[in-house]
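Have a look at the structure below, then the notes.
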Protein chains: 2
Amino acid sequence: MIANRPSRHDLLTIGQLSERSGLATSALRYYERLGLIHATRTTGNQRRYTRGTLRRIAFVRAAQRVGLSLDEAKVALDRLPEHRAPSGTEWDGVAQSWQSRIDEQIAELERLKAKLTGCIGCGCLSLTRCGLYNAADRAAAAGPGARYLLTRDPATGPEPAPTDGPDSV
Amino acid sequence: MIANRPSRHDLLTIGQLSERSGLATSALRYYERLGLIHATRTTGNQRRYTRGTLRRIAFVRAAQRVGLSLDEAKVALDRLPEHRAPSGTEWDGVAQSWQSRIDEQIAELERLKAKLTGCIGCGCLSLTRCGLYNAADRAAAAGPGARYLLTRDPATGPEPAPTDGPDSV
DNA sequence: CTGCAACCTGAAGTCGGCTTCAAGTCAAGC
DNA sequence: GCTTGACTTGAAGCCGACTTCAGGTTGCAG
C-alpha cells in the first residue's frame with residue numbers, strides 16, 4: 001500500500017482538528033460516538049484524524065445549516081465515500097436535495113417577511129385578519145416546511161377541526 | 001366599566017385557546033410561567049383567556065420563526081401594549097428589526113446555496129478550496145449572523161489564531 | 001528522563017422548550 | 001346531585017447537541 005498512506009504528518013490530533021474545524025474537542029468525540037467521523041488510534045490510544053475528516057465535518061456543519069439533525073446528516077454522509085472526496089455525481093444528489101431545502105426555507109422567510117410588511121402597512125395585528133396572525137396560527141400547525149426554524153414542531157398535537165369560525169373579535 | 005368588558009363569551013378556556021392557537025395546553029401554561037401570556041381565573045381557579053391572547057401567541061410564534069428565543073420574544077412583547085392591538089408606530093420598530101433578521105437569514109441561505117451550486121459545478125468538497133468547506137469551517141466560527149440556523153453556536157470557544165496555513169492536502 | 005500540556009474515559013450536567021405524570025378539583029349536561 | 005371530561009398543581013422527564021468533571025495516561029520539548 002503505497003497510495004493512500006496518511007504519512008504521519010497528514011494526521012491531526014484532536015486538538016488540531018478542533019482548531020481547524022472550530023468545534024470543541026468534546027464535540028468531536030461526540031461526533032465520533034454518533035459515527036459522523038472516525039479516527040485511528042496511536043499505540044497510546046490517542047485519536048488521529050485524516051484531513052478528510054475536515055471534509056466530513058464541513059459536510060455535517062453544512063447539513064445542520066440546512067436544518068438537518070446530526071442523525072439525518074449521518075444518513076446523507078453514509079452515502080458519500082468515506083476516504084475520498086465525493087465525485088460530481090455522488091455529490092449531485094445530496095446537493096440537489098439541499099438546494100430544495102434551502103429554497104423552501106428562503107421561500108418561508110420571504111412569506112413571513114411579506115406578512116410583516118403587510119402588517120407595517122396596515123398597523124394591524126388586530127385579530128380580524130392579520131396575515132402575521134394567521135401565519136403564526138395556522139402556518140405553525142401546517143405540515144413540514146414551517147418546521148425548520150422552530151426548535152421543535154409544536155403542532156404534532158391536535159389541530160383537529162377548522163374550529164376557526166369568522167375571526168369575530 | 002362598560003367598555004372593555006370581556007363579556008364571558010369572549011373568554012377562552014385553556015382548551016379552547018389550545019385548539020385555536022395550535023399549542024398544547026402544557027405549552028400555554030409554560031408560556032404563562034414565562035410571562036408571555038396571562039390569564040384571569042374563575043372562582044374555581046381555572047384559567048380564562050381574552051382573545052387578545054391569541055395575538056400575543058401569534059407574536060411569539062412569529063418571533064420564534066425569525067429566530068428569537070422565548071426570552072427574547074418576551075422582551076419584544078413587553079414593549080407592545082398588553083390589551084390592545086399595537087399601533088402602527090409601536091409595531092414599526094419591532095417589524096423593522098425582524099425584517100433585518102429575516103434579511104440576514106435569507107442572505108445567509110443564499111450564500112450557502114451559492115456555495116452548494118459551486119460545489120456541484122466543480123465536483124469538489126476536496127479540501128483544497130471548496131467554498132462549502134470554508135463555509136462550514138470559518139463561517140461556523142464567525143460572529144453573530146451565522147448563528148440562527150444552528151441549534152447552538154459551537155464557536156463560542158477558542159478559534160484563537162488564523163492557524164489555517166495553505167490548505168495543503 | 002522529566003515535566004507538563006494534551007490526551008483518554010464514562011458519567012453527569014446544561015439549556016431551551018416543552019411534555020408527562022400523579023393526584024386532586026371544577027363545570028356543566030343529564 | 002351525579003357523572004365525566006376539562007381543568008389544577010408541582011415535579012420530573014425528554015430531546016438534541018453538546019459541555020463539564022474527575023481521575024488517569026500519553027507524547028514530546030528541553
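In what follows, chains carry the letters A, B, and so on, assigned in the order in which the sequence lines appear, proteins first and then strands, with residues in each chain numbered from 1.
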>> Whole angstroms only, please: what is the CG-C1' distance between B:L11 and C:dA28?
In response: 17 Å
>> Expressed as a whole number of angstroms, how long is the span from B:E72:CD to C:dG16:P?
In response: 11 Å
> What is the distance from CG of A:L34 to C1' of D:dC15, rounded to the nearest Å?
Replying inline: 13 Å
> What is the distance from CZ of B:R29 to C1' of D:dC7, rounded to the nearest Å?
Replying inline: 7 Å
> Only one of B:L54, B:L36, B:V94 forms a side-chain contact (heavy atoms from CB on, under 4.5 Å) with B:F59, so which one is it?
Replying inline: B:V94
>> Using whole Å, what does the distance between atom P of nucleotide C:dC18 and atom CG of B:D71 come to?
In response: 12 Å
> Under 4.0 Å: is that the gap between some side-chain N or O of A:T25 and OP1 or OP2 of C:dA6?
Replying inline: no
> Quick one: salt bridge (charged side-chain N to carboxylate O under 4.0 Å, His left out) partners of A:E32, sequence neighbours excluded?
Replying inline: A:R41, A:R47
>> Without decimals, in angstroms, what is the distance between B:I14 CD1 and D:dT9 C1'?
In response: 12 Å
>> Checking the side chain of B:S21 only, and the main-chain atoms of B:L17 only, is there a donor and an acceptor separated by less than 3.5 Å?
In response: yes
>> Heavy atoms within less than 4.0 Å of DNA chain D: which residues of residues 37-49 of chain A have one? Give them sorted by number.
In response: A:T42, A:G44, A:Q46
> Reckon B:S26 touches a base, only the sugar-phosphate, or nothing at all at heavy-atom distances under 4.0 Å?
Replying inline: base
>> Using side-chain heavy atoms (C-beta onward) and a distance below 4.5 Å, is A:I57 in contact with A:R61?
In response: yes
> With side chains defined as the heavy atoms from C-beta onward, is the minimum distance between A:Y49 and A:T13 less than 4.5 Å?
Replying inline: no
> So, the side chain of A:S18 versus the backbone of A:L23: is there a donor-acceptor pair under 3.5 Å, distance only?
Replying inline: yes
> Which nucleotide sits closest to the side chain of B:A27: D:dT8, D:dC18, C:dC18?
Replying inline: C:dC18
>> Go nucleotide by nucleotide along DNA chain D from the 5' end; which of B:R33 and A:R33 gets its closest nucleotide reached first?
In response: B:R33
> Between B:L28 (CG) and D:dT9 (P), how many Å, whole number?
Replying inline: 13 Å
>> I'd like to know if the side chain of B:Q105 and the backbone of B:V66 have a donor-acceptor N/O pair within less than 3.5 Å.
In response: yes
>> Rounding to an integer number of Å, can you tell me how far B:Q16 CD sits from D:dG5 P?
In response: 17 Å
>> Please tell me if B:Y31 has a side-chain N or O lying less than 4.0 Å from either OP1 or OP2 of C:dC18.
In response: yes
